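What follows is a single structure, written as structure tokens, with notes after it.
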Amino acid sequence: MKALILCAGTGTRLRPFTHPLPKSLMPVGNRPLVAYLIDQLMEAGIREIGMVVPPRHREFLELSRVWFPEKVVFEWIVQHQPLGLAHAVLQARSYLQEEPFLLLLGDNFMQLDVRQMVQQFRSFPDAEGLVALKRVRDPRKFGVAEVAEKRILRLTEKPSKPASNQIVAGAYMLNPSVFQVIEQLKPSARGELEMTDALQEMVQQGRPIYAWEHKGFWQDVGSAAGLLKANKIVLQKIGNRIDGTLQGCSVTGPVRVGAGSRIVRSKLQGPLIIGQGCTIEGAQLGPYLTVGDGCAIRRAHLRDSLLMSGACIQDWQKPVVRSILGRNSTLKGAASSGRILLADDSTIWS
Ligand code: G1P
């Protein structure tokens, strides 16, 4: 069976980081976000993966070159304009052909039981679709499902008065019959062809679409807060591994330090990942901190944050918390509290 992952979204809520980097490639625990979805597909034995990507998609090729060499057969399908999730699916029609497929949204971070989801779909001989649902406190920003006896009765995209707290959690099993429905679909109020509308149309035509409750962790990673939550979950699972050198440091909890990193007189509190080739001195780091490759940290205190590769922070007196520092950004010689979201190549310096 093939899987399709949609990664062509513009990532407006994660700007400025998504100006240069697609949302699904944002680093979490020093790996691209979408790599965690691909891991789960591989665990379930799915190795043929179609990736719907934006026209400028050079960075995606790293997934096959660096992260999954030889293990996954990727197909790159370009969506030239961001015209919606259903439009993205339609671009993959000739790749997917006439077989049922698993559809995943590349900006959803989840621990999905892929095998169980596929089995459940196959257990209904008449199923034309099956949608993973998650219960959330505020469903208004998502697709919302009304369900009876495991069958979906109605799906509504971002309703102001949700009829239930079960939302569409970014994983769908679909029959190729969905393509004909998408071809007839009209754009939504936000000008997009919505997957929710395509499935609702199928329901209205009397085609059986089933619900499957996703019980594992789920997080929409469209915002900085969502990205930091995903980072926390990833860090909870790391073990200890020190490949760099430590001098006069204290270490508590699970800590990973990449090769070529040199850490002097610092307090490291896991869960914490430090990438390769970093220079760290007189710092207090963690918990829940990801430090990318080639970062420099001197006399600073950071936790619950994400530093992308090449970020530099020096003589920052207040703790840096729930912050994201972009690639090659610099914080130097000042003190401010509160959250910092600093774009690639930017500097705060005083
Ligand atoms: C999309 C889907 C929505 C789903 C959500 C999950 O919303 O349209 O049905 O619940 O992903 O993240 P979007 O991220 O495009 O607002």
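For this chain, numbers begin at 1 and follow the sequence in order. Whatever order the structure lists them in is the order used to number ligands and atoms, beginning at 1. Source: prediction; values computed, not measured.
Inspection of the Q205 and E201 side chains reveals an N or O donor paired with an N or O acceptor under 3.5 Å.
Within the 3.5 Å criterion, the main-chain N or O of N328 finds no donor-acceptor partner in the side chain of D344. Put simply, the side chain of T196 never gets that close to the backbone of L155: no donor and acceptor are under 3.5 Å apart.
The N/O atoms of N108, backbone and side chain alike, include one that comes under 3.5 Å of an N/O atom in ligand 1. Residue-to-ligand polar distances place G143 within reach of ligand 1: an N/O pair is separated by less than 3.5 Å. By the 3.5 Å distance cut-off applied to N or O atoms, E157 is counted among the residues near ligand 1.
If you check each of R190, M195, E194 against atom 15 (O) of ligand 1, the one with the closest non-hydrogen atom is R190. Taking only non-hydrogen atoms, the option from D197, V221, D107 nearest to atom 14 (O) of ligand 1 is D107.
Within ligand 1, counting atoms from 1 as listed, the ones closer than 4.0 Å to a heavy atom of V168 are 4 (C), 6 (C), 9 (O), 10 (O). Remark: ligand 1 atoms within the under-4.0 Å shell around heavy atoms of L105 are 11 (O). Every atom of ligand 1 is numbered from 1 in the order shown, and the set under 4.0 Å from a heavy atom of L85 is 1 (C), 2 (C), 8 (O). Those atoms of ligand 1 with a heavy atom of K158 less than 4.0 angstrom away are 7 (O), 13 (P), 16 (O).
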- Stepwise salt bridge (Lys or Arg N to Asp or Glu O under 4.0 Å) test for R190 and E192: CA-CA 6 Å; R190 61 172 172 172; E192 296 188 2; 3.6 Å; yes
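Ring geometry, F109 versus Y36: the interplanar angle exceeds 60°, so the pair is classed perpendicular (tilted spans 30 to 60°).
Taking the ring centroids of F142 and W218, they lie under the 6.0 Å cut-off.
Contacts of T196 with ligand 1, taken as heavy-atom pairs under 4.0 Å, involve the side chain alone.
Linking ILVMFWY side-chain heavy atoms closer than 4.5 Å, directly or via other members, places F74 and L61 in a single hydrophobic cluster.
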